[in-house]
Trainee: 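Before I ask anything, let me first share the structure, which is written out below as structure tokens.
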Amino acid sequence: MTVLITGFMPFGGQSVNPSWEAVSALDSTIGNHRLEKLLLPVEYGEAARRVLEKARELSPQAILCVGQAGGRDAVTPEVIGINLREASIPDNAGAAPAGTPIVPQGPDGIFSTLPVREMVAAIRAKGIPARLSYSAGAYVCNDLMYTLLNRFRGTDIRVGFVHVPYIPSQGTPSLPLEQLTQALTAAIEAL
Ligand code: PCA
């Protein structure tokens, strides 16, 4: 199957984003899956718009988005996206929404349609720390996850999000880039 996998540009004063570092290092074929990689801006609305545009072109069977979660010490598949924009810092286009919905009248929350528990088990089986996360926050990552889940609700296109920790050059806690890439490989094998 074709898997569209995305990572983000740096934000918040960082010079790298481990999500894109790890995604760009992935093999373009994993098991039976052909990967298509896409780098996204850290901008409310725009990140999702670019994924939807790419999805129209590729018709992927699954979309796996990856983002940085500084402060986490494990790779964390997200269980749910919520219908909320609440920026702790402005995004890379200067937007700082405060308590607005992503989709007016949309459901409050939408569960990931990727096999998150199997993904955690597959990552742990490689000796890499992983656990479920029950909040993707209310910044651009959640915006992307929720928008895609809402758009593909009721279709065969499966959507999910994985947050990764810092890599060592960014501070602690961190995991080596190689482990992030191995973790994403394991997650894709579990799809
Ligand atoms: N992490 C941010 C947005 C981009 C990224 O890599 C987040 O968790 O919302």
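Just so it is clear, the values below take in all heavy atoms, side chains as well, and ignore hydrogens, waters and symmetry mates. Ligands are counted one by one from 1 in listed order, and the atoms in each one are counted from 1 as well.
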Trainee: Closer than 4.0 Å to some heavy atom of His163 - which atoms of ligand 1 meet that?
Mentor: 7 (C), 8 (O)
Trainee: Do Glu78 and His163 have side-chain N/O donor and acceptor atoms under 3.5 Å apart?
Mentor: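 Yes, a side-chain donor-acceptor pair sits under 3.5 Å.
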Trainee: Going by the atom numbers of ligand 1, which of them fall below 4.0 Å from some non-hydrogen atom of Gly67?
Mentor: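 Result: 6 (O).
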Trainee: Can you confirm whether the side chains of Arg34 and Thr2 place a donor and an acceptor under 3.5 Å from each other?
Mentor: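 Indeed, the side chains of Arg34 and Thr2 share at least one donor-acceptor pair under 3.5 Å.
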Trainee: My understanding is that only one of Ile5, Leu40, Val66, Thr6 makes a side chain to side chain contact (heavy atoms under 4.5 Å, CB included) with Ser19; could you say which?
Mentor: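 By the side chain to side chain contact (heavy atoms under 4.5 Å, CB included) criterion, Ser19 pairs with just one of Ile5, Leu40, Val66, Thr6: Val66.
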Trainee: Which of the atoms in ligand 1, numbered in the order shown and given with their element, are less than 4.0 Å from a heavy-atom of Gln68?
Mentor: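 Contacts of ligand 1 toward Gln68, numbered from 1: 1 (N), 2 (C), 5 (C), 6 (O), 8 (O).
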Trainee: Tell me which part of Asn17 gets within contact of ligand 1: side chain, backbone, both or neither, using heavy atoms under 4.0 Å.
Mentor: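 For Asn17, only side-chain atoms sit under 4.0 Å from ligand 1.
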Trainee: Give me the nearest non-hydrogen protein atom to atom 9 (O) of ligand 1 as residue plus atom name, then the distance to 0.1 Å.
Mentor: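 Of the protein heavy atoms, Cys141 N, 2.9 Å lies nearest.
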Trainee: Check each of Val159, Leu4, Ile157 against Leu148 using the side chain to side chain contact (heavy atoms under 4.5 Å, CB included) test, and report the only one that passes.
Mentor: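 It is Val159, the one option of Val159, Leu4, Ile157 that forms the side chain to side chain contact (heavy atoms under 4.5 Å, CB included) with Leu148.
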Trainee: Would Val42 count as being in polar contact with ligand 1, using the rule that some N or O on each side must be under 3.5 angstrom apart?
Mentor: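 So ligand 1 has no N or O lying under 3.5 Å from an N or O of Val42.
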Trainee: Check for a donor-acceptor pair, side chain of Ser174 on one end and backbone N or O of Gln170 on the other, with a separation under 3.5 Å.
Mentor: no
